[in-house]
Amino acid sequence: MTDLVTLAELGSPLVVIGGAAYVRHASPAAYWSTVGLPLSVARLLASYSSTMDACGLTVEPPRWRALAVRATTRREVRPVPPRRGIIRPTSTGLRMRLRLVPGQEPADVAASAERLRHAWGVQSVHVRDVKPGVVELRLVGFDVLRKVRMPRRSDSRPLQVPVALREDATAFVRDFRTVPHELVLGATLSGKSMYLRNLVTGLASQPVVLVGIDCKRGVELAPFAPRLSALATDPDQAAELLPVLVKEMEDRYDLIKTRQGIAPGTAEELITSDIWGLPEDERPAPLVLVIDEVAELFMVATRKEEERRDEMVTQLIRLAQLGRAAGIYLEVCGQRFGAELGKGATMLRAQLTGRVCHRVNDEASAKMALGDIAPEAVQASCAIAPELPGLAVVGDTSGGWSRIRTPYLSLADAAATCRATAHLAPDVPALNPFRPYVPPLPVAEPGSVATARPVTE
């Protein structure tokens with residue numbers, strides 16, 4: 001009997017430990033809220049000063065403070081760490097602000113992020129500059145990219161679409177007003193189509209003209225046909241569509257120029273150099289051109305096709321250089337995009353400010369996407385594992401970069417969203433000849449209500 005009681009007493013801690021391990025693997029968010037958060041807060045409070053000292057983030061105290069300590073106590077005067085603010089728990093980690101001591105800069109704290117991660121037992125530590133002398137530490141308790149859950153609250157503004165989750169548990173927002181044109185690279189099954197799927201469905205609920213070029217016979221963009229104002233499914237159709245887009249851009253510039261016929265006494269707010277300064281009732285709807293497998297536009301086999309390719313590339317470069325002020329934005333996708341595609345490829349890539357690089361097959365492809373803006377991000381993109389589709393490295397011409405992952409969205413749900421928002425597509429008469437055909441939904445015949453099959457023995 002005594003032996004049974006002893007086994008029962010020993011079994012309870014084992015059950016608790018085993019249950020905690022299971023919850024940590026099956027539901028990291030629940031484990032963090034119940035176990036991980038209290039442990040990390042305890043480590044942080046207990047070891048804050050010593051950790052900052054070990055990371056080289058302390059400085060000698062002011063002379064008046066050292067004299068006061070010596071006069072009132074006999075303890076040793078120790079270096080001063082950055083003053084810590086209130087710890088604010090979140091569903092994925094915790095946040096706190098640090099007031100830097102004189103002589104420090106945010107880069108000093110960012111350089112010690114890896115040491116802080118290990119010292120406080122969290123998944124990652126990210127540093128954000130709040131204002132001069134103050135930085136915010138965002139501690140992430142678990143790998144949020146393993147199972148993506150987008151934040152519940154996200155700013156919904158025109159031409160802003162939250163399409164993925166960053167590794168610091170914040171939403172990656174595709175903002176066309178800030179980053180007009182973007183290049184998305186990725187090998188087969190890397191998650192490039194999922195990224196595009198989330199982007200198109202996010203734009204579908206906004207009054208935006210969506211135009212697609214999909215030279216894979218439309219297999220990627222055809223499900224979104226109800227919401228598309230124009231769709232080209234081969235290079236021949238693309239060669240007809242691009243001049244129309246260039247003419248639309250020129251017409252918008254003429255509209256802006258007409259508004260700039262400034263008369264005496266015209267208010268300053270009515271003077272503009274892009275469509276966003278026009279009155280709302282005169283402003284044309286923004287237009288987003290989505291190109292899937294851009295390399296197909298560059299592939300040629302005959303001299304006639306080469307002439308067509310040169311014309312299309314020239315038109316794309318014009319749209320990339322001049323389209324922003326006219327409210328025309330490019331989203332270019334492909335597996336590779338370098339000088340080997342032919343004349344104009346490098347020039348077009350230079351106009352694409354945003355870069356998203358999914359898993360690629362070689363380092364050269366990663367350098368095409370990120371090498372000219374964030375060289376240190378190339379290795380991060382090459383380390384993406386095949387079993388993590390949707391994981392990507394995103395950067396822009398500012399040199400900053402981070403890892404993101406796109407949430408799963410089924411093609412059926414994306415197509416249903418585009419069909420439900422088809423009435424929001426702005427009317428552009430010039431694009432009517434290129435509007436894709438949308439077959440009507442099948443209508444059930446009256447009286448054909450399905451009934452349950454009778455139960456038989």
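All figures in this text were calculated on a predicted structure; none of them were measured in a lab.
- One finds the CZ atom of Arg95 at 5.5 Å from the CZ atom of Arg138 (value rounded to the nearest 0.5 Å).
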Review point. Should Ile275 and Ile256 be marked as a side chain to side chain contact (heavy atoms under 4.5 Å, CB included) after you check the CA-CA gap, both sets of side-chain angles, and the distance that decides it?
Key: CA-CA 7 Å; Ile275 67 168; Ile256 297 171; 3.9 Å; yes

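- Between Tyr329 and His181, the angle of the ring planes lies from 30° to 60°, which puts this pair in the tilted group.
- Between the side chain of His358 and the backbone N or O of Ser190, no donor-acceptor pair lies under 3.5 Å.
- Between the side chains of Ser124 and His126, at least one donor N or O sits under 3.5 Å from an acceptor N or O.
- Ion pair Asp292/Lys192 not flagged as a salt bridge, since none of the NZ, NE, NH1 or NH2 atoms sits closer than 4.0 Å to an Asp/Glu carboxylate oxygen.
- Counting only distance, with no hydrogens or angles, the side chain of Arg97 and the backbone of Leu137 share no donor-acceptor pair below 3.5 Å.
- In this structure, Arg174 is positioned above the aromatic face of Phe176, its NZ or CZ under 6.0 Å from the six-membered ring centre and within 45° of the axis.
- Ser381 places a side-chain N or O within 3.5 Å of a backbone atom of Val378 that can act as its donor or acceptor partner.
- Arg405 contributes a side-chain N or O that, together with a main-chain N or O of Arg146, makes up a donor-acceptor pair within less than 3.5 Å.
- In plain terms, the two heavy atoms of Ala113 and Val125 that are nearest each other are CB-O, 3.5 Å.
- Residues Asp168 and Arg128 are not paired through a salt bridge, judged by the lack of any N-O separation under 4.0 Å between the basic side chain and the carboxylate.
- A side-chain contact (heavy atoms from CB on, under 4.5 Å) with Ile213 holds for exactly one of Leu245, Asp234, Leu289; it is Leu289.
- Test Leu139, Thr51, Leu116 against Leu44 for side-chain contact (heavy atoms from CB on, under 4.5 Å) and you get one pass: Leu139.
- At distances below 3.5 Å, at least one donor-acceptor pair connects side-chain atoms of Thr201 with backbone N or O atoms of Asn198.
- What you find for Glu248 and Ala430 is that their closest heavy atoms are OE1-CB, 4.5 Å.
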**Study point:** Chi angles and distances behind the side chain to side chain contact (heavy atoms under 4.5 Å, CB included) call for Phe434, Val428
**Key:** CA-CA 11 Å; Phe434 303 95; Val428 182; over 6 Å; no

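- Going from atom CZ of Arg403 over to atom SG of Cys357 covers 13.0 Å, rounded to the nearest 0.5 Å.
- Taken to the nearest 0.5 Å, the OG atom of Ser112 stands 5.5 Å off from the CZ atom of Arg115.
- Side-chain atoms of Val109 and Leu100, non-hydrogen and from C-beta on, do get closer than 4.5 Å to each other.
- Summarising the geometry, atom CG belonging to Leu203 is positioned 8.0 Å from atom CZ belonging to Arg227; distances are rounded to the nearest 0.5 Å.
- Other residues, nucleotides and ligands place no more than 12 heavy atoms under 6.0 Å from the CZ atom of Arg324.
- Side chains of Arg252 and Ile328 form a contact here, defined as non-hydrogen atoms less than 4.5 Å apart.
- Closest approach of Ala285 and Val209 over heavy atoms only: CB-CG2, 4.0 Å.
- A side-chain donor-acceptor contact under 3.5 Å links Gln237 to the backbone of Thr233.
- A donor-acceptor pair under 3.5 Å is formed between the side chain of Thr90 and the backbone N or O of Gly93.
- Within a 6.0 Å radius of CG in Leu189, no more than 12 heavy atoms belonging to other residues, nucleotides or ligands are found.
- Residues Gly218 and Pro223 share a closest heavy-atom pair of O-CD, 4.2 Å.
- Here the closest non-hydrogen pair linking Ser365 and Leu185 is O-CD1, 3.8 Å.
- Of the N and O atoms on the side chains of Gln206 and Gln160, not one donor lies less than 3.5 Å from an acceptor on the other residue.
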Check your understanding: Given the rule in the side chain to side chain donor-acceptor pair (under 3.5 Å) test, do Ser50 and Asp53 qualify, once you have shown the distances and angles that lead to the verdict?
Key -> CA-CA 5 Å; Ser50 59; Asp53 191 18; over 6 Å; no

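- The main-chain N or O of Ala230 is never found under 3.5 Å from a side-chain atom of Arg435 such that the two would form a donor-acceptor pair.
- Two residues are said to be in side-chain contact when any heavy atoms from C-beta on lie closer than 4.5 Å; Leu196 and Val290 meet this criterion.
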Practice item. Evaluate the side chain to side chain contact (heavy atoms under 4.5 Å, CB included) criterion for residues Leu431 and Leu287: first the C-alpha distance (whole Å), next the side-chain angles of each, then the deciding distance (0.1 Å), finally the verdict. Key: CA-CA 11 Å; Leu431 297 179; Leu287 187 151; 4.2 Å; yes

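- Within a 6.0 Å sphere centred on NZ of Lys216, heavy atoms belonging to other residues, nucleotides or ligands number more than 12.
- Ser402 and Arg166 share a donor-acceptor pair across their side chains, judged by distance under 3.5 Å alone.
- Separation of atoms SG (Cys333) and CD1 (Ile291) is listed at 8.5 Å; rounding is to 0.5 Å.
- Tyr195 OH to Leu391 CG: the interatomic distance, rounded to the nearest 0.5 Å, is 13.5 Å.
- Between Leu165 and Met150, the closest heavy-atom pair is N-SD, 3.8 Å.
- Looking at Arg309, its side chain does come within 3.5 Å of a backbone N or O of Phe298 through a donor-acceptor pair.
- Here the side chains of Thr188 and Gln335 are in contact, with some heavy-atom distance below 4.5 Å.
- Here the side chains of Leu370 and Trp401 are not in contact, with every heavy-atom distance at 4.5 Å or above.
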Practice item. Could you walk me through whether Gln379 and Glu363 pass side chain to side chain donor-acceptor pair (under 3.5 Å), step by step? Key: CA-CA 8 Å; Gln379 296 301 323; Glu363 186 178 356; 3.2 Å; yes

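- Residue Arg318 qualifies as open at atom CZ: its count of foreign heavy atoms under 6.0 Å is 12 or below.
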Exercise for review: Evaluate side chain to side chain contact (heavy atoms under 4.5 Å, CB included) for Met96 paired with Tyr48, printing each intermediate quantity in order.
Suggested key: CA-CA 12 Å; Met96 74 175 175; Tyr48 178 75; 4.2 Å; yes

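- Taking the charged nitrogens against the carboxylate oxygens, Arg117 and Glu114 do have a contact shorter than 4.0 Å, which makes a salt bridge.
- Proximity of Arg308 to Pro235: side-chain heavy atoms (C-beta onward) are separated by under 4.5 Å at one or more points.
- Just one of Leu241, Val244, Leu231 meets the side-chain contact (heavy atoms from CB on, under 4.5 Å) condition when paired with Val211; it is Leu241.
- Counting only heavy atoms from C-beta outward, the side chains of Leu242 and Leu319 approach each other to under 4.5 Å.
- By the 4.5 Å heavy-atom criterion applied to side chains, Glu182 and Thr353 are not counted as neighbours.
- A distance-only check finds no donor-acceptor pair linking the side chain of Arg217 to the backbone of Asp214 [under 3.5 Å].
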